[in-house]
Amino acid sequence: MVAQASRDTGPERALRSELHRRGRRFRIHYRPLAGLRREADLAFPRRKVAVFVDGCFWHRCPIHGSAPKANSLWWQAKLDTTEARDRDTDARLSDAGWTVVRVWEHEPPTLAADRVEAALVTAEAVSN
């Protein structure tokens with residue numbers, strides 16, 4: 001697990017490139033909530049939109065997620081914890097007025113960027 005990249009993954013960089021190409025500017029690895037050690041992969045602080053690019057294995061993608069056969073109880077507990085932390089993060093951010101966009105690593109960057117832009121447009125409409 002030490003070798004597993006947690007930042008600047010290929011899908012994350014592809015989404016950043018697509019959003020940048022569209023003229024969107026953002027912060028990377030941003031901590032939207034003070035005192036909480038959870039970072040959004042991309043954040044638009046003025047519009048309060050946080051984007052997380054989730055890996056299929058670690059976040060249990062319904063299409064590509066898998067359960068390891070070796071040491072299955074340990075992995076079950078680990079993935080349960082990750083899933084619970086994701087739900088807790090979403091709830092805390094929502095309570096603080098943020099919009100959370102979760103993107104799967106297998107999603108095409110153009111479609112993911114469309115979803116992020118839709119959230120930004122909605123956030124802009126609400127703030128005006």
Report task. Using modelled atom types only, decide if a donor and an acceptor are shared between the side chain of Asp54 and the backbone of Trp104 within a distance under 3.5 Å. Result -> no
Requested in this report: Spell out, as yes or no, whether a donor-acceptor pair under 3.5 Å connects the side chain of Lys48 to the backbone of Ala96.
Outcome: yes
Query raised in the report: Would you say Val116 and Val100 are hydrophobically clustered, going by side-chain heavy atoms of ILVMFWY under 4.5 Å?
Result: no
Query raised in the report: When rounded to the nearest 0.5 angstrom, what is the spacing between SG in Cys56 and CD in Glu107?
Result: 9.0 Å
Query raised in the report: Roughly how far apart are Arg115 CZ and Leu15 CG, rounded to 0.5 Å?
Result: 9.5 Å
Requested in this report: Could you go through the side chain to side chain contact (heavy atoms under 4.5 Å, CB included) check for His29 and Glu12 one step at a time?
Outcome: CA-CA 11 Å; His29 308 297; Glu12 186 181 323; 3.0 Å; yes
**Report entry** Under 3.5 Å: donor-acceptor pair, side chain of Arg13, backbone of Asp8
**Finding:** yes
**Report entry** Arg16 vs Asp41, salt bridge (Lys or Arg N to Asp or Glu O under 4.0 Å): CA-CA, chis, key distance, verdict
**Finding:** CA-CA 9 Å; Arg16 290 189 329 220; Asp41 295 317; over 6 Å; no
Query raised in the report: Does Phe52 share a hydrophobic cluster with Val103, counting links as ILVMFWY side-chain heavy atoms below 4.5 Å and allowing steps through other members?
Result: no
Query raised in the report: Does the side chain of Thr89 come within less than 4.5 Å of Arg87's, by heavy atoms?
Result: no
Query raised in the report: Could Asp95 and Arg92 be called an ion pair, given the rule that one side-chain N must be under 4.0 Å from one carboxylate O?
Result: no
Requested in this report: Rounded to the nearest 0.5 Å, what's the gap from CD on Glu124 to CZ on Phe44? Could you check?
Outcome: 10.0 Å
Report task. State whether the number of non-hydrogen atoms from other residues, nucleotides or ligands found under 6.0 Å of His20 atom NE2 is greater than 12. Result -> no
Report summary line: Taken to the nearest 0.5 Å, the spacing of Arg24 CZ from Arg47 CZ works out to 8.5 Å
Report task. Of all the heavy-atom pairs spanning Val49 and Ala119, show the shortest one and how long it is. Result -> CG2-O, 4.1 Å
Query - Arg27 CZ: over 12 foreign heavy atoms closer than 6.0 Å - result: no
Requested in this report: Test Arg31 against Leu36 for side chain to side chain contact (heavy atoms under 4.5 Å, CB included), laying out the working first.
Outcome: CA-CA 7 Å; Arg31 290 188 181 177; Leu36 193 62; over 6 Å; no
Query raised in the report: Quick one: are Leu42 and Leu19 in side-chain contact, heavy atoms under 4.5 Å?
Result: yes
**Report entry** Arg21 CZ to Thr110 OG1 distance, which is reported to the nearest 0.5 Å
**Finding:** 8.5 Å
Query raised in the report: Is Pro32 close to Leu93 at the side-chain level, that is, under 4.5 Å between some pair of heavy atoms?
Result: yes
Query raised in the report: For the side chain to side chain contact (heavy atoms under 4.5 Å, CB included) test, which of Leu79, Thr82, Asp86 pairs with Arg60?
Result: Leu79
Query raised in the report: Does Ile63 share a hydrophobic cluster with Leu111, counting links as ILVMFWY side-chain heavy atoms below 4.5 Å and allowing steps through other members?
Result: no
Report task. May I have the step-by-step check of side chain to side chain contact (heavy atoms under 4.5 Å, CB included) for Arg38 and Arg85, ending in yes or no? Result -> CA-CA 9 Å; Arg38 298 177 193 169; Arg85 185 175 49 247; 3.6 Å; yes
Report task. Could you go through the side chain to side chain contact (heavy atoms under 4.5 Å, CB included) check for Asp114 and Glu18 one step at a time? Result -> CA-CA 10 Å; Asp114 290 345; Glu18 180 61 24; over 6 Å; no
Report task. Look at the aromatic rings of Trp98 and Tyr30 and report parallel, tilted or perpendicular, splitting at 30° and 60°. Result -> tilted
